[in-house]
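Before any comments, here is the structure.
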Amino acid sequence: MSEKSFYITTPIYYVNDVPHIGHAYTTVAADTLARWHRSGGDKTWFLTGTDEHGQKIQTSAEKRGITPKELCDEVVQNFQKLWKVLNISNNDFIRTTDDRHVEFVQKAFKQLLESGDIYKGEYEGWYCVPCETYVPDAQMGEGNTCPDCRRPLVRMKEETYFFKQSKYAEKLLKYYEENPDAIMPKSRYNEVISYIKSGLRDQSISRTTLKWGIPVPGDDKHVIYVWFDALLNYVSALSSGENSEELKKYWQTAHHLVGKDIIRFHCVIWPAVLMALGIEPPKRVFAHGWWTVDGAKMSKSVGNVVDPFEMVDVYGVDSFRYFLLRQVPFGLDGDFAEAAMVQHINSDLANDFGNLLSRSTQMLVKYREGRLPHDAAQTDLDKEIQSMAEETLVKAEELMGRFAFDDTLKTIWAFISRCNKYIDETEPWKLGKEGNVERLDSVLRTLWEALRLTAILIAPFMPYAAEKTYAQLGLSGSLFDGARSEWKWGGDFDVTVTKGEILFPRIDVEKWAEERKIRDAARLVKQNPLAARDYGKHEEETTIESFSGQELRVAVVEKVEPAQNSDKLYLISIDLGYEKRTIVSGIRKFFKPEDLIGKKIVVLCNLKPAKIRGNESNGMLLAASTVKEEQLTLLTVMDDTIPAGTRIG
């Protein structure tokens, strides 16, 4: 195996819900690492995918009257669409329903059964249905709850196949003692070691209470436990079909990025299974933290669940990627605040980086018609910039080796800030006015070299911005095929610099604040049809004057179309009698178009227009929903003689 290889994975995401900021965070981090290693000349393989078996999938499909596979085929598209939107460069996308994975899992199960590491028995214990795992008595939370998700456990007893996890406790401890960086950050390492030392029990790895899973070979009464099945994806993707030779090439450099809630599965069950199969444990498992939103836990009822599609639509993909990795040290919990993202966009991206690129290219175009000066004599100040560039590269390499994304970006931006100061110190506009050609050439060449390195360093984080920067510098070719490993200051470049578009326009904060209020209201209605009302409670008392300011009118639904970029939204064309409008509403899962057409509904007409997933909405329909959003009914007019446009109240 080549020493210059790198294998990075995300967890395979469970397809029981739409992708959220947590999915985006892990995948953007993995993509950044993959791009970083490609830029450094490493032969890199990046795997992501979806986990599609288990009780929750079976139950959700039954509720909708479709097969589990039909549900998976539908929901998996949300993840695949988001990875395109986020500019994710994965080499492979594995689904646990893929034939290649099913075959590998059954083969591995059979191998361990024959070796005696799997045996049949009976299990009785406390079971967490959402996590799909048994919880030992010693690890239960208060009130017989799951230690991970805090939900109530249920007592279950069933025939099961067991994996001899207890057999590998000492081997695991020895491996981690010899490889202390195999689990990061250090706090997670300590957590896992403590867990192993507390005593490992054999792990139940089959179920008889459900059918949606991979059948146990030779015993169709059982399906393989979803976690045992899912973990094997990291190897099955490299061991079957056209990728059959990739395991030897990449496995010894395997790095798994996971959320901290699944650290035990990846650092106890998974390496023990690998040892039983005769495969080395992964080189590193890195567990990152969770996100809150403006200091609060994400909740649909509150309406503050961050939609990655919306964030990219509003702020741009590179700004979103930058903020996710800049805002918090990787491994710690973080808070997602749009106001903080706007501040970073305006200060870091627009003022610092954007300003450096704009000023430098503008001067090269103005004073040299875009032609890059040849290497010129350097002053001590020029040499200082070159030295800092070389130091920045070395420091960034070291920080990225520790997955310190935030510190890497801070290091790059310290260099950018120094280059902006360099412009103020050298005053190239004065040099041009004075006709000091030699000194001006040296300054312009220094700025161009600094920007060339900056483009290479930011490319893994913000690929589009880096590519546009490269193009404005007159450069072509890949920023990833060894670009960083081949970089050096100076050299012969026959290029023409152009002043392109502004990469990161400044955001008007006052205008943004007003627009955000509208988006927050739309998001609340979309995520929770109760629209910010606490069930069983009343809002603060209002006055007749305040209520009369709400313009409620009768409207006739004329046309209903699914929004193309959303699985939950309808574009609803309504007739108010005096005018026609389109409103965007998240009621798609409750109604078919034919259920709505012709109905007379109640609409709030004087709501400020809002952009929802790229569609303009002019108004809001009124509806009532149960707390768990299991049912929804529209407010309609019983008397069909009431004309459209009639005001209510």
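Count residues from 1 along the sequence.
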*Count the heavy atoms of every other residue, nucleotide or ligand shown that sit under 6.0 Å from CG of D492, and state whether that count exceeds 12.*
no
_salt bridge (Lys or Arg N to Asp or Glu O under 4.0 Å) partners for E514, two or more places apart_ = K517
*For the atom pair CG (L503) and CD (E467), what is the distance rounded to the nearest 0.5 Å?*
11.5 Å
*Does any non-hydrogen side-chain atom of K81 lie less than 4.5 Å from one of F309?*
yes
*asked:* Measuring only between side-chain heavy atoms, which start at C-beta, is P281 closer than 4.5 Å to Y175?
replied: yes
*asked:* Within the structure provided, determine whether M341 and H344 are in side-chain contact (heavy-atom separation under 4.5 Å).
replied: no
*asked:* Distance alone, cut at 3.5 Å: any donor-acceptor contact between the side chains of N87 and R321?
replied: no
*So, R326 and D406, do they make that salt bridge, N to O below 4.0 Å?*
no
*Given side chains that start at C-beta, do those of Y14 and H23 come closer than 4.5 Å, heavy atoms only?*
no
*Got R371 and D494 here, is their nearest side-chain heavy-atom distance under 4.5 Å?*
yes
*In this structure, are over 12 heavy atoms from other groups packed under 6.0 Å from Q343 atom CD?*
no
_Centroid-centroid under 6.0 Å between W270 and F265 rings_ = no
*Student check: side-chain heavy atoms of F320 and P308 closer than 4.5 Å*: yes
*Is K430 salt-bridged to E434, cutoff N-O under 4.0 Å?*
no
*Is the count of non-hydrogen atoms from other residues, nucleotides or ligands lying under 6.0 Å from K410 atom NZ greater than 12?*
yes
*asked:* Between F79 and F93 (judged by ring centroids, cut-off 6.0 Å), do the two rings come close enough to count as a pair?
replied: no
*Are the charged groups of R100 and D92 less than 4.0 angstrom apart, N to O?*
yes
*asked:* Contact between D333 and W291 at the side-chain level, heavy atoms closer than 4.5 Å - yes or no?
replied: no
*Have Y25 and W290 got a donor and an acceptor in their side chains that come within less than 3.5 Å?*
no
*asked:* Any side-chain to backbone donor/acceptor pair from Y470 onto A465? Under 3.5 Å, distance only.
replied: no
*Please answer whether the main-chain N or O of S417 pairs with a side-chain N or O of D352 as donor and acceptor at a distance below 3.5 Å.*
no
*Parallel, tilted or perpendicular: which describes the rings of Y250 and W45, with under 30° parallel and over 60° perpendicular?*
tilted
*Does the pair H101 and N233 meet the rule for a side chain to side chain contact (heavy atoms under 4.5 Å, CB included), with working shown?*
CA-CA 7 Å; H101 178 72; N233 90 90; 3.9 Å; yes
*Evaluate whether atom NZ of K499 has more than 12 neighbouring non-hydrogen atoms of other residues, nucleotides or ligands under 6.0 angstrom away.*
yes
*When rounded to the nearest 0.5 angstrom, what is the spacing between OG1 in T27 and CG in N90?*
8.5 Å
*Going by the ring-ring contact (aromatic ring centres under 6.0 Å, His included) test, which pairs reach into residues 403-443, not counting sequence neighbours?*
H255-F403, F286-F403, Y322-W413, F330-F405
*Is it true that atom CG of L332 has more than 12 heavy atoms of other residues, nucleotides or ligands lying nearer than 6.0 Å?*
yes
_Salt bridge K260-E191, side-chain N to carboxylate O under 4.0 Å_ = no
*Backbone N or O of R95 within a donor-acceptor pair of the D98 side chain at under 3.5 Å?*
yes
*Basic-acidic side-chain contact under 4.0 Å: R516, D294*: yes
*asked:* Taking side chain to side chain donor-acceptor pair (under 3.5 Å) as the definition, give me every residue that meets it alongside T44, ordered by chain and number, with sequence neighbours left out.
replied: none
*Salt bridge check: are R402 and D181 linked by an N-O gap of less than 4.0 Å?*
no
_Main-chain N/O of E438 paired with S442 side-chain donor or acceptor, under 3.5 Å_ = no
*Backbone of T96 reached by a side-chain donor or acceptor of E52 within 3.5 Å*: no
*Under the 3.5 angstrom rule, does the side chain of R484 hit a backbone N or O of W36 as a donor-acceptor pair?*
yes
*Does S485 use its side chain to pair, donor to acceptor, with the backbone of G482 at less than 3.5 Å?*
yes
*Taking 4.0 angstrom as the limit, do K395 and E390 come out as a salt bridge?*
no
*asked:* To the nearest 0.5 Å, what is the distance between CD on Q378 and CH2 on W489?
replied: 7.0 Å
*D424 and R359 ion-paired at < 4.0 Å*: yes
*Look at the side chain of N91 and the backbone N and O of F46, then say whether any donor-acceptor pair between them is shorter than 3.5 Å.*
yes
*Hey, is the main chain of K383 close enough, under 3.5 Å, to the side chain of S387 for a donor-acceptor pair?*
no
*Salt bridge flag under 4.0 Å for residues R439 and D382*: yes
*Taking the six-membered ring of F480, is NZ or CZ of R38 closer than 6.0 Å to its centre and within 45° of its axis?*
no
*Quick check: does any side chain N or O of Y176 sit under 3.5 Å from a backbone N or O of I183, one acting as donor and the other as acceptor?*
no
